[in-house]
Structure formats: C-alpha cells, structure tokens
Amino acid sequence: MKNGNVSESQFQISGMTCAACSNRIEKGLNKLDGVKDANVNLALEKATIHYDKEKISLEDIQKKVQDLGYDVVTEKVELVITGMTCAACSNRIEKGLKKMTGVLEANVNLALEKATVEFNPSVSSTKDITNRVEQLGYGAIVKNDEGDKETIDYREREIKNQERKFILSLLLSLPLLWTMVSHFSFTSFIYVPKMLMNPWVQMALATPVQFYIGKQFYVGAYKALRNQSANMDVLVVLGTSAAYFYSAFLVIRSIGAPGHSIDLYFETSAVLITLIILGKLFEAKAKGRSSQAIKKLMGLQAKTATVVRQDAILDIPLEEVMEGDILLVKPGEKVPVDGMIIEGQSAFDESMITGESVPVDKNAGDSVIGATINKNGFIKMRATKVGKETALAQIIKVVEEAQGSKAPIQRLADHISGIFVPIVVGIAVLTFIIWFTRVAPGNFPEALEKMIAVLVIACPCALGLATPTSIMAGSGRAAEYGVLFKGGEHLETTHKIDTVILDKTGTVTNGTPILTNVSTHLNETEFLSMIGSAEQQSEHPLAEAIVDGIKRKKIHLKRPSSFEAIPGFGIKAVIDGKEILVGTRRLMKENKVDINEAIGKMDRYESEGKTAMLASIDGMYAGIVAVADTIKDTSREAVERLKEMKIEVIMMTGDNSRTAQAIAKEVGIDHVIAEVLPEGKAEEVKKLQEAGKKVAMVGDGINDAPALAIADIGMAIGTGTDVAMEAADITLIRGDLNSIADSIYMSHKTIRNIKQNLFWAFGYNTLGIPIAAVGFLAPWVAGAAMAFSSVSVVLNALRLQRVKL
C-alpha cells in the first residue's frame, strides 16, 4: 500500500516468545525517524510497518529489528542469468535488483552467469525478481535442485549456438577478407575473382553478418541504452554500424556514378563481428572449464541407493532417500548418504572427503560419510543426513557460494567498468574529429576507421572477467585439496596472514587423549568409580578419555544426582550425596581445597606433556588423574612449512603452561599462550590484532568459535564441531595442519593471478586506446585483440586449476 511517500511493508519476525517481545519491537520501530506506524502481531509473528520511503529504507528497518535481538525472515534465490556480455551488464542487473523494494542483497556473477538475491518474501517474490531482470533486458531462470543441470544444458546450448553463428559468419566474411588482403602492395599477386570486387556482392555478404549474426549486439545495445547505461554491445554496434552504413551509403551513391572506384569497409564490420563471436565462443568454453571443481564434487555422489522398505529391497534414485531409511551397501559400492552403521563392519576409503589415504575400519555404531567407498564388507546403515544436509552437499554449497561471491579487489574493476563505456565513446568521437579536421583534413573514411578501432579495442570485457574467473578457479582447486573458502573476501584476505594461532586439543593433537596415570591415597577402585561417575556427563574430550580408561578397568559407574560443567575449570557433581570436584588448580583454590601434597606429582605429569586433573571429595583432596593426547603425525611438518613462509606460529590452550610447553616443544612451536579460558581466546586474538598482526585462528571446538569469528581469518578443522565450522571463514576438511599452509599458498597464488588479470585488462585498454587513436591499429586487428584479451584472462585464471599443493 502506498500513500504519497508512505509505503506499507510486512516483515516475518522470528525469535519472539511473548507479548513483551512484540511490544519491544513495536516501540523500537515506532521510534525510528520515518516510521509512521508499526504494528507487531505475536500470533502471526508478523510486523506491519507504514513508513516514509524517502526517510528510511527496508534495510534500516530490518537492522533495527536485528539490533533489538530478533531476526527478520528472509529468503535466498539463485538465478541463472542469460544475455550478459560484459561487466556493465552484471553491474546493471545488480543495481536494478538492489533498487527493488524488499531486496536486501544482490550479487551477480558474470563468469558464472548467476545471481544470488536475498529478499524479504513478505514484500517481494521470486517472480518479481525474475520479472525485474527481464525488464532490464535479460533472461532469468530460477535455479532449483536441478539448477546445475539447467546451467550446464544452457551453457552447452549457448556454445552450440555460438558455434553455428561463427561458422556462418566465417563463411560469409572470408570472401570479404580475401578482397581486403588483395589491397596490400605485398599481396597484389593474390588472385581475387572479379565478382567479389563487386560492391553489391560485398554488401550482400556483409548484410546477414551485420544484422543476423550481429543481432545479439543490437538487442543488447538497445536494452542497455533503454535502461540509460552502456556496455560492450554499444561499442560493438557503434563501431560495426559506422563501417557498414558508411559503406552501404557509398554503394547506393555509386548507382549514379558507375565505374567510379570506391573504398568500402564491409570487411571491417563483418570480420569484427566474426572475431568477437569467436572470442565469445572461446570465452564460453573456458568459463565451462572454470567450474570443473563443482562438477567433480557432484560426480562423487552415488546415483542410486539400495533401501529396505516394508520388508522389500528396492533400488531407488539418490534423491528419494529419506532420513531414517535403512540402506544396504555392498563391498565396492559408494555410501549413498551420511549415516550410521547398524549392522556389519568394513573399511571405508574416505580420501575424497578427508584426504586420508588409509581406509578407516568401522563397526556398528560408527558414522559413515556419503560418497565414501565401502571397501570390503557388507553393511546395513541408517540414513541420518540426506539431500542438502550431507557432508558432500555442504561442501558443494560452500564451494558454490565462494565461487559466486565477490572479493573486495573486484570493486575497483566493477566501478571502472560502469563508467568506462561512455568515456570510450567520448574518446572515439574526439579521435574522429581530430583526424577529420587536423590529421587528415576532410578524409572521412580515414577518420571513421580510426574511430571504429578505438570503439572496438576499448571493450571492457576482460575487466569484468578478471576477478571472478580467478576466484572460481582458485576456490575450486583449493576444494579439491580439502580447503573450503566460504567467500571470495576470505580467499583474498588469507594471503595477508602473518600470525597463525593453533588450538591444542584436536588441532595440534589428535584430540583423542587416553588415561595414563592415577594417584590417590584412597582405594583406587572406589576413587575411580567416583571420578568416572562424575565425568561421564561431560562432553569434554579429556572427560571422555578418563571415562573410557575407567570403563576399560571394568569399574562400575553410578549416575550423579546433579552435574555442572564449569568451562575452563572442570566439573562439579554429586554422587551418593558426596560433592565431587574434578579440574584445575583454580577450581580447587576457588573451593578452598588444600592441594599442597599434590603439587610435586602434578608438576611432574605436566612436564611430561600430560594434562593432570585434581579431584576432591566433599572439600578434601582425593587424588590426581592424568591424561595424554597424541600429536598428529603431520603437525611438526606443518609448523615447519608455516615458519618457512615467515609466519609466526602460536599455540593457545586452556591447559596449564607446563603441559602446553611440552607439546609445543615436540612440534616446534616457540610461542605458547596457556591457561586461557574460552572467553579469553577471543581477547588474545584481539591483543595480537591491536599489535598490528593479521591473525588466523585455527580450532575445532565450540570454545574456539568466538576466537574464530573475531580473527582476521578463522579456520575450522573439518573433523571438529559444526559450531566451529559455522563461525569459521575457511574449513580444513582433512584435519591436517598442512592445510593451513595450503590455504595461505592458494590465496597467494589466486591474488597474484587476479593482479595479473587486472594488469592485463587495464594495461590492454590503457595502451590499446591511444595506439588505435593514432592510427596504428586497423579495426579488424583491434577486434582480434579485444577478443583475445577476454580469452587470455580466462585462460590465465584456469592455470590455477593446475596448482600443486
């Protein structure tokens, strides 16, 4: 609803629990300058807002709701965009979508020919968005689950269409090129049939090239100009039309002057269009190759699954597998989806997901990953994650999002592309005037030729492709090595990293500690029964190690009547009416437990790299349990690689200083920050950032999430928790610290590649325009160079697909 500048909009709001919530949002929105009235309905979880669109935007309203602690429900849609030819097109679609009411964010990727749009479904619909793209003069197909297939089919159709056009254009242009070559003194010996020298024959050959083959450029230019912008099509149309229509004018004028020799430029326009079509054909094929990583990942999926339903065994398509289904997997088959083994045992090749080359033995109760290979045993499994929830689907999603995102370095190129074409048109007109009035006074054909060369050489196609093609190739290649960049901005930032902070447990170490020592003045069996009963409620890896070690001793455990985990300190539990404390010195000190007799033994355990935990029963010291974690085989090698790259390596842990120093010494880490509480990890990262460091935090646990989020780059070990991976900018699927060096190396390679592309694109236009303006480039040579520039940028980006890590 609109009334003057007052618009009505509705937001779906999540997170409200009672009337106080809806009142808070209502009051907060009504205080905004520009909001006339806001009404929040708790039952419908909907806010209806009347606002002055001149004073406040929907984005401001959404931000206010989020600032109040709630969320506005938005949707994301991916579109396959057709009809784009250069960066000016993608910029125009992006700007047009962002201006739509209800659209919060729009990102158009020229190289992928895709758009990702985040919108408020209460205000706009997918249909509105596709309609807007079509109004701007392009095509839009909603990318559904079959979107990649549609995209691939579309690309193949487009390539075949361009191939047909190129062949026809080449057949019509070759006779014209033949006549042109014969004009040079050094090629005067070449025979040219008299018929081809006939102006009308030349016009007949050039006309279908100009208006049938070149129709796509006219359509694109019309749409661009109708939307008050300019793109590559405008330059091509201006250049070729000038040559064609001037020649056509001379041919028609010659009717009254038969036998009079005239210089025609039909070959200029025809050869230009042929070369540009050839360039587009090469570009389309190269773009297809740049998304090979996604195709490879999708190719890992099983196509069918054997499922047990109502006592019948059925072979069904993978898409029809549902969560909870019982699946049968034979030796040599791919595991269809993520799940848990309920019967049988086998070894699994997980190298395609984890990079671990040695098959992993698994039994009933163990989890299996979709797309991994069952090597030698028959198993029955229950599907726990299907469709988009599987590990492989999540990996594909992260890679797609990274490839579709923009790096900050692209903003400069996008900005220049947006203003480039009008400037070029101005330079071309100025070139014509100078040649016509000063350099070759009154020589219209000469001035026209120079103007055409400037128009054609200056097309900014390469500029628009320089960054996204490198991001696609670089992030795709990294994914093949188990490094998932969540976006182009992270791929760019990573090369600046000079300090890497490693969490200890599960990052430097395997995260699977074992119980090594028990010291108590009580009966050991009774002591361990109390400690194991208290620790069995904890999810901490060290607690699990203690409980496992005690269970192996066949000691009976009891259920605690109460349990409390104290992050960074330990646990508190009540067993048979007795209060049990297990944890650090600090925990004992805060609870006034005298531990003097334990200090010597504890120091000895810690100097051996073990983690020792003190225990008390009803406020009295009871004993010590010590656990030791094993260091990952690759940790020392990875630390050495980082040092060779001049990167400072720091280990940060909640463990005591002695244990931490022992582990650090073993892997070659010189700097250790120990006894850090979970909330303190983020503070330590901040301190390093304030000292001017570019910090990467590497961790795998929930307690690492705040530090991962605040670091310049957060890297989550893929074998860790979902929370850590969600907070991170990069996921290292393999759990191998070598992946840290791999990610930094890949970032360096990608940024260097982007800079090469931008240098080539900028340099090409910067040098090409003056060379064309002073008359050193024939229009057809300019056309060939323009086509070559785009292809060369894409081919340079594709070199990243051959990088060895």
Q. After noting the C-alpha distance and the side-chain angles of Gln216 and Lys165, does the key distance pass the side chain to side chain contact (heavy atoms under 4.5 Å, CB included) rule?
A. CA-CA 11 Å; Gln216 64 190 70; Lys165 285 186 175 181; 2.8 Å; yes

Q: Using the side chain to side chain contact (heavy atoms under 4.5 Å, CB included) rule, take Glu105 and Lys98 through it: C-alpha gap first, then chi angles, then the decisive distance, then the call.
A: CA-CA 6 Å; Glu105 187 56 51; Lys98 284 179 178 176; 3.5 Å; yes

**Q.** side chain to side chain contact (heavy atoms under 4.5 Å, CB included) between Tyr244 and Thr207, intermediate numbers included
**A.** CA-CA 8 Å; Tyr244 175 84; Thr207 300; 2.7 Å; yes

Q | Check against side chain to side chain contact (heavy atoms under 4.5 Å, CB included), Asn131 and Lys127 | A | CA-CA 6 Å; Asn131 285 345; Lys127 186 65 179 170; 3.7 Å; yes

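Counting only distance, with no hydrogens or angles, the side chain of Thr431 and the backbone of Ile427 share a donor-acceptor pair below 3.5 Å. Side-chain atoms of Thr74 do not come within 3.5 Å of backbone N or O of Phe119 as any donor-acceptor pair. A donor-acceptor pair under 3.5 Å is formed between the side chain of Ser124 and the backbone N or O of Thr101. A donor-acceptor pair under 3.5 Å links the side-chain atoms of Tyr764 to the main chain of Ile457, judged by distance alone. Using modelled atom types, one side-chain atom of Asn30 and one backbone atom of Ala38 make a donor-acceptor pair closer than 3.5 Å. Distance alone, capped at 3.5 Å, places no donor-acceptor pair between the Gln12 side chain and the Val73 backbone. Using modelled atom types, no side-chain atom of Asn120 and backbone atom of Leu104 make a donor-acceptor pair closer than 3.5 Å. In terms of modelled atom types and a separation under 3.5 Å, the side chain of Thr390 and the main chain of Gly387 share a donor-acceptor contact.
Among all heavy-atom pairs drawn from Gly34 and Lys55, the shortest one is CA-CB, 3.9 Å. In terms of heavy atoms, Ile452 sits closest to Ala243 at CD1-CB, 3.5 Å. Of all heavy-atom pairs between Glu113 and Met84, the closest is CA-CE, 3.8 Å. Between Ala478 and Phe485 the shortest heavy-atom distance is CB-CE1, 3.7 Å. Nearest heavy atom pair, residue Lys64 against residue Leu29, reads CG-CD2, 4.0 Å. Taking all atoms of both residues into account, the shortest heavy-atom contact from Pro779 to Leu272 is O-CD2, 3.2 Å.
If you take OG1 on Thr469 and CG on Leu795, they are separated by 10.0 Å, rounding to the nearest 0.5 Å. Rounded to the nearest 0.5 Å, atoms CG (Leu281) and CD1 (Ile159) are 7.0 Å apart. Atoms CG and CZ, from Leu800 and Arg477 in turn, are 10.0 Å apart once rounded to the nearest 0.5 Å. To the nearest 0.5 Å, atoms CG (Leu79) and NZ (Lys114) are separated by 11.0 Å. Remark: Gln62 CD to Ile49 CD1 distance equals 10.5 Å, nearest 0.5 Å. Separation of atoms CD (Glu94) and CG (Leu97) is listed at 8.0 Å; rounding is to 0.5 Å.
For the side chain to side chain contact (heavy atoms under 4.5 Å, CB included) with Phe217, the lone residue among Thr240, Val234, Ile277 that qualifies is Ile277.
Ionic pairing of Glu59 and Lys63 is not present here: no N-O contact between side-chain nitrogen and carboxylate oxygen is shorter than 4.0 angstrom.
For the pair Lys496/Asp712, no side-chain contact is recorded, criterion being any heavy-atom separation below 4.5 Å from C-beta on.
Atom NZ of Lys99 has 12 or fewer heavy atoms from other residues, nucleotides or ligands within 6.0 Å.
Checked by atom type, the side-chain pair Asp60/Ser57 shows a donor-acceptor distance below 3.5 Å.
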